[in-house]
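After the C-alpha cells below, expect a handful of questions from me.
Chain letters run A, B, ... following the sequence lines, proteins first, then strands; residues in each count from 1. These values consider heavy atoms only, across backbone and side chains, with no hydrogens, waters or symmetry-generated copies.
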4 protein chains.
Amino acid sequence: MPEARTVKRRTKSEDSAKADQASTSSSERPRLRDAERTSKAILAAATKEFAERGYGGARVDAIAERAKINKRMLYHYFGGKDALYVAVLEGSYIAIRSAEARLDLSHRSPADGMRELVVFTWQYFLDHPEFLGILSTENMHKARFLKRSARIFELHSPLVSEISGLLDRGAAAGDFRPDCDPVKIYMSIAALGSFFLTNRWTLSTIFRRNLSDKAEIDAWGEHIVDVIFAYLRP
Amino acid sequence: MPEARTVKRRTKSEDSAKADQASTSSSERPRLRDAERTSKAILAAATKEFAERGYGGARVDAIAERAKINKRMLYHYFGGKDALYVAVLEGSYIAIRSAEARLDLSHRSPADGMRELVVFTWQYFLDHPEFLGILSTENMHKARFLKRSARIFELHSPLVSEISGLLDRGAAAGDFRPDCDPVKIYMSIAALGSFFLTNRWTLSTIFRRNLSDKAEIDAWGEHIVDVIFAYLRP
Amino acid sequence: MPEARTVKRRTKSEDSAKADQASTSSSERPRLRDAERTSKAILAAATKEFAERGYGGARVDAIAERAKINKRMLYHYFGGKDALYVAVLEGSYIAIRSAEARLDLSHRSPADGMRELVVFTWQYFLDHPEFLGILSTENMHKARFLKRSARIFELHSPLVSEISGLLDRGAAAGDFRPDCDPVKIYMSIAALGSFFLTNRWTLSTIFRRNLSDKAEIDAWGEHIVDVIFAYLRP
Amino acid sequence: MPEARTVKRRTKSEDSAKADQASTSSSERPRLRDAERTSKAILAAATKEFAERGYGGARVDAIAERAKINKRMLYHYFGGKDALYVAVLEGSYIAIRSAEARLDLSHRSPADGMRELVVFTWQYFLDHPEFLGILSTENMHKARFLKRSARIFELHSPLVSEISGLLDRGAAAGDFRPDCDPVKIYMSIAALGSFFLTNRWTLSTIFRRNLSDKAEIDAWGEHIVDVIFAYLRP
DNA sequence: CATGAATGAGGATTCATTCAT
DNA sequence: AATGAATGAATCCTCATTCAT
C-alpha cells in the first residue's frame, strides 16, 4: 500500500544512435550502469515479446531475459507491464510515422508519390512484423491503452495531410478520381498489406498455399498497388 | 456455429438420457438433453471468451461461468483448454463456410454474384465479431492449432471453386478483367472487411474519427464493393 | 501454450514431503474435502499470523503453512489477504462480544457485576493475545478495514447498554458516583488491561521489571479493579 | 524529537561550518553542514515512516524520499533499516524523557506535581503521535530492538524517582494514599492516554462516536486526571 | 560526500487441471 | 452426470541492499 513509486522515464539524448554504435563496436562489454542502453534494450525486447505473444501472453520474465537485464530494472525504468506496453505502443507508432515523414511525397508526381506510399507501407509492414503484432494486440483490447496516449492524434495528422495533397494534385491533373477520402485510401493500403501479413498463417493453411514464400509476398505487394491504382483510376 | 459440430463425444441415445432426467427434473430443473445442451453452452461461451481475450487471455473459469456450467464439465466434454480452443476454431470456420455455401452464387450474373459475396462477407464479419477475434488470435499463434485440423482445406475448396466460377464467367462476359486469382480476390475482400473491423479501435483513435458509427460502417461496406469492382473492371 | 517458460522455480520437495508425513502420521486423517474445516483452519491461522506480525508483516504463505492447507485455498475461500484480514477482524470482535454476552451482568449487584466485567475483560485479554494484536494492527491502519464492516456497531450496542444498566443501578443504590459515561468506563477498563499487555515488552525493558511474570500480571489485574472502583466511588 | 538527540555526530562549530559553506553555496546548493542536516532529515523522516507504517510496513525508499536524500545516504549514515529503526526508537525515548526532565516536579505541591505530570504526558502523546506509533510497533516485535539499547534503563530511572518523590510527599501530606507503586502510577497514566489515542480509530467505529473530535479529546484528558486522582485519594 | 543503476530473494495472486464424492 | 474442493507451477511485482562512478 505504501506506493511511493517513482516511475522515472529516461531523457533520451540525441546521441543515442551514436552511443549505440559505440557500445556495439566496443567488443560486447557487459556495459553496466548505462541507463539509456538498458532502457532501450528493455523497450526493444518488450516490443518483440508483446508483438509475438500479445499483452496477456507476454511475460515480464521473458522480456527481462531477452533484454539481458535484471527484471527489477524493468520496473525501475517503466513502472510495470502496463506502462511498458504503452511505451512500446507509442514507440511503434512514432517509428512508422517518422519513417513515413522521410518520404517527402510532395515533390513527386501524384502517381509516383502514391506508388511510393503504397510500396513504403508494404515494405515497412514486411520489415517490422512487431508493428502489426502490436496493433493486433492493441485492437484486441479495443485500444484501451492507446486512448491513454494524448499525443497520438497529432502524430497522424501530417500523414493525412500528405495523402490529401497527393489526392488533390492527382485529381487536378486528371490522374485520380476526384473526392477520395485520404483516410479511406490509407486504410485500404494498410488493410491489404496488414491482412495478408498477419493472417497469412491461417490463410496458408486453409488455402494450402504458402503465403510466406517470397514469390507470394512479392506478388501481393504488386497486387496492392494494382488494387489501389484501380480504385484511384478516374 | 456450434450446431455444426460433428465430433460428438458420448453419443448415446438421447432419449434414455432424457428419461433419466425426467425423474430428477420433476422438482425444478428443466434439464433436457443435458449432455448436448451443456456441450453447446460450453462451446458458445468459449467462442466468446477466446475471441474477446485471445487464447492466452481466455480463462477456463470465465468460460465455465459464461456457460453456467461446472468447470469440471468442460474437461469432461472437451478434455482441456487446448482441445476446446481447437473445437472453437473449427466451429468458427465451419459456420462461415456453411453460411457461404447457402449463397448459391452460380445462378446469378457474375456481377451480382460477386456483389453478393462481398456484401455477405462484410455482413458476416459485422454479425460475427467472434470469428474475426478467433482468427486474430490464431494468427498470433501462426495457425499452430489450425494446422492440427485435417479437414480444414476440404472445407475451403468449394469457396475457391465458387469464386473461380464467378471470375471465369465474368471474364467470358467481358464484365471482369481476365486472369484474376480467386484466392487473391477473396483475400482482398476479406482484407478490406476484416482490417476495418478488427483495427477500428486504434484507427478511430489515431484518426480521431469514430469508425464504430453506423454511417462509417455502412460507408466502408460500400467502399469495399467499390474497390473490388474497380479492380475487376477489365 | 505460448508458455515456453524458461524461468523455473526451485522445487523444494523436502518441506512438502515433511509436511505430508507430519499430517498423515499424526493419526489425524488428512481430512480432505472438508470445506468448513479448511475455512476455519485458515481463519485461525490467519488470526494468529496477523496478530503476531500485523497486516503488512503477515505472510500469506505463513498462514497457509500454519493452517496446513494449500495456499490456493485461502484465495478460494476468502478472496485474498485483505478480505481474509477483514474476516479475522470481524471474527475477533464477534468472539469477545459473544463471550461478554454470556456474562449476564444484570442479575448481579452493581458492584459484583462491575467487578465481573473488569475481571472478565482482563482475563479475556490475557487468554486472547491475538485480539489485542489485531486491534493494534487495525489501529495502525486507522481502522481502514473495520470501517468496511457494516454490522460492527450493532455488535457493540448491547455492551454499552449492559454497562449503562450497571452504572444506573449502582448510582441509584449509592454504590457508584452518578452520571458516569458507560463508554468512558469501558474504555478505561480496556485501556488499563490492553496497555499493560501490549506494551509490557517495552515497559519491562525500560523499567527493568519483568511484567510477564505471573505475579506482576495478577497484581495488575487487581490494580485495574482498584482503579475502576476508586473512580466509581461516589 | 530528533532535535533532542544528544548523541550528535560531527558536532563542530556551526558558525564555522556556515562560513565554510558560504563559498561553495555561491552556485546554487544551500548546503549547510550537509552531514548533520542529512542525518537529521533521515531520522525525522524515518520516525514518521516507522510510526505510520510499522517496522515491516516502512519502506526505505519512502524514508529517503521523505527526507529528500539519496537512499544510499541512509545506508551511509545509519547502516541499514534495522539500525535506523533503533536510532529512531532511542531518539523517541530520549525526546520524551528530556521533555519530562524539564518539568521539575519536585518544587511543587504533590497534587500540582502529579497533575502536571498527567497533563504533560497526555499533551505529549497528543503532540507526538509518532511516539505512540513507534511504541506500538516495537511492542508488536516484543521489544526486540529496544533490548539492544544498553542505556535505555538509565534513561528512565529519573522518571521513576521523580514520581516516587511525588508519591512519598503526597502520602506524607495526607494527599495521597500510601504505598503506591510509582511504576504502576506512571503506567496507569500512560495506559489511559495511550490507549485512547492509539485505539481511537477502532473505538470511534465500534461506538460510532468520533473520538478525534476536540471535545472528546479534551474530555478524555480530564478523565485521566479524574481517574488518577480518584485512585490516589487516600 | 553523493548518485542512481543494479540485484536476488521473496510476496501476493492466478491459472489450468485433477480428485473425492 | 455433476460438483466443488484441492493443487503446484507460474506470473507480476516489491524490497532492502550493494555497486560503479
Side-chain angles (χ1 to χ4, degrees), chain A residues 2-6 8 30 32-39 56-64 69-77 79-82 84, chain B residues 10 17 20-21 24 29 31 34-35 38 56 58-64 69-77 79-82 84, chain C residues 1 3 5-13 16 30 32-39 56 58-64 69-77 79-82 84, chain D residues 29 31 34-35 38 56 58-64 69-77 79-82 84:
Chain A
E3 322 302 271
R5 300 287 346 107
T6 52
K8 279 171 196 160
L32 296 170
R33 321 254 135 213
D34 186 337
E36 181 151 354
R37 208 192 73 104
T38 302
S39 163
R59 297 288 164 255
V60 170
D61 282 285
I63 295 171
I69 51 99
N70 182 286
K71 184 173 40 165
R72 187 62 189 75
M73 289 288 86
L74 191 153
Y75 291 93
H76 184 61
Y77 286 113
K81 192 181 181 182
D82 273 35
L84 177 55
Chain B
R10 235 160 292 267
D20 284 352
Q21 288 304 127
T24 60
R29 290 179 297 178
R31 314 237 229 96
D34 278 16
T38 301
R59 298 288 164 254
V60 171
D61 282 283
I63 295 171
I69 51 100
N70 184 282
K71 187 170 41 164
R72 190 64 190 76
M73 290 293 89
L74 190 153
Y75 287 91
H76 183 62
Y77 285 112
K81 192 183 181 182
D82 274 33
L84 177 55
Chain C
M1 35 333 314
E3 345 293 271
R5 294 297 79 262
T6 47
V7 185
K8 278 172 192 163
R9 207 66 74 77
R10 246 147 304 288
T11 52
K12 48 172 175 180
S13 53
S16 61
L32 295 171
R33 319 256 136 212
D34 186 336
E36 180 153 355
R37 207 193 74 106
T38 301
S39 160
R59 298 288 164 252
V60 170
D61 282 282
I63 294 171
I69 51 100
N70 183 287
K71 185 172 39 163
R72 187 63 189 75
M73 288 288 86
L74 191 153
Y75 290 91
H76 183 61
Y77 286 111
K81 193 182 180 183
D82 273 36
L84 177 54
Chain D
R29 291 179 297 177
R31 314 234 231 99
D34 278 16
T38 301
R59 298 289 165 252
V60 171
D61 283 282
I63 294 171
I69 51 100
N70 183 282
K71 187 168 42 163
R72 189 66 189 74
M73 289 293 88
L74 188 154
Y75 287 91
H76 183 63
Y77 285 111
K81 192 183 183 183
D82 275 34
L84 177 54

Here the distance between atom P of F:dA5 and atom CZ of C:R72, to the nearest Å, is 11 Å
Short side-chain N/O contact to F:dA6 OP1/OP2 from C:T38, under 4.0 Å: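 So the side-chain polar atoms of C:T38 do come within 4.0 Å of the phosphate oxygens OP1 or OP2 of F:dA6, strictly under.
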Is there, by distance only and without an angle test, a donor paired with an acceptor across the side chain of C:K71 and the base of F:dT7 below 3.5 Å?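 Donor-acceptor pair under 3.5 Å: no.
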Give a yes/no answer on whether the side chain of A:N70 brings an N or O atom under 4.0 Å of OP1 or OP2 in E:dA6.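 The answer is no; no side-chain N or O of A:N70 sits under 4.0 Å from OP1 or OP2.
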Identify, between A:G56 and D:Y75, the residue whose nearest nucleotide on DNA chain F lies closer to the 5' end. A:G56
Are OP1 or OP2 of F:dA2 and a side-chain N or O of B:Y77 less than 4.0 angstrom apart? yes
B:K71 versus B:A64, closest heavy-atom pair with distance: CA-CB, 3.7 Å
Nearest-Å distance for atom pair CD1/P, residues D:I63 and F:dC15: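 Rounded to whole Å, this separation is 12 Å.
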Closest nucleotide of DNA chain E for D:H76 versus for C:G79: which of these residues is on the 5' side?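 Checking each residue's closest nucleotide, the 5'-ward one belongs to D:H76.
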Looking at A:V60 and A:L74, what are the two nearest heavy atoms and their distance? CG1-CD1, 3.9 Å
E:dA12 phosphate, OP1 or OP2, under 4.0 Å from C:R59 side-chain N/O: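 For C:R59, the contact criterion (side-chain N or O under 4.0 Å from OP1 or OP2 of E:dA12) is met.
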Got a donor-acceptor pair under 3.5 Å from the side chain of D:K81 to the base of F:dT17? no
Please evaluate the base of E:dG11 for a donor-acceptor partner in the side chain of C:D61 within a cut-off of under 3.5 Å?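 For C:D61, whose side chain was compared with the base of E:dG11, there is no donor-acceptor pair (under 3.5 Å).
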Can you work out whether A:M73 or B:V60 has the more 5'-proximal nearest nucleotide on DNA chain E? A:M73
Using heavy-atom distances to pick each residue's nearest nucleotide on DNA chain F, tell me which of D:D82 and A:L74 is more 5'.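 Nearest nucleotide further toward 5': that of A:L74.
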Pick base, sugar-phosphate or nothing for B:A58, based on heavy-atom distances below 4.0 Å to the nucleic acid. sugar-phosphate
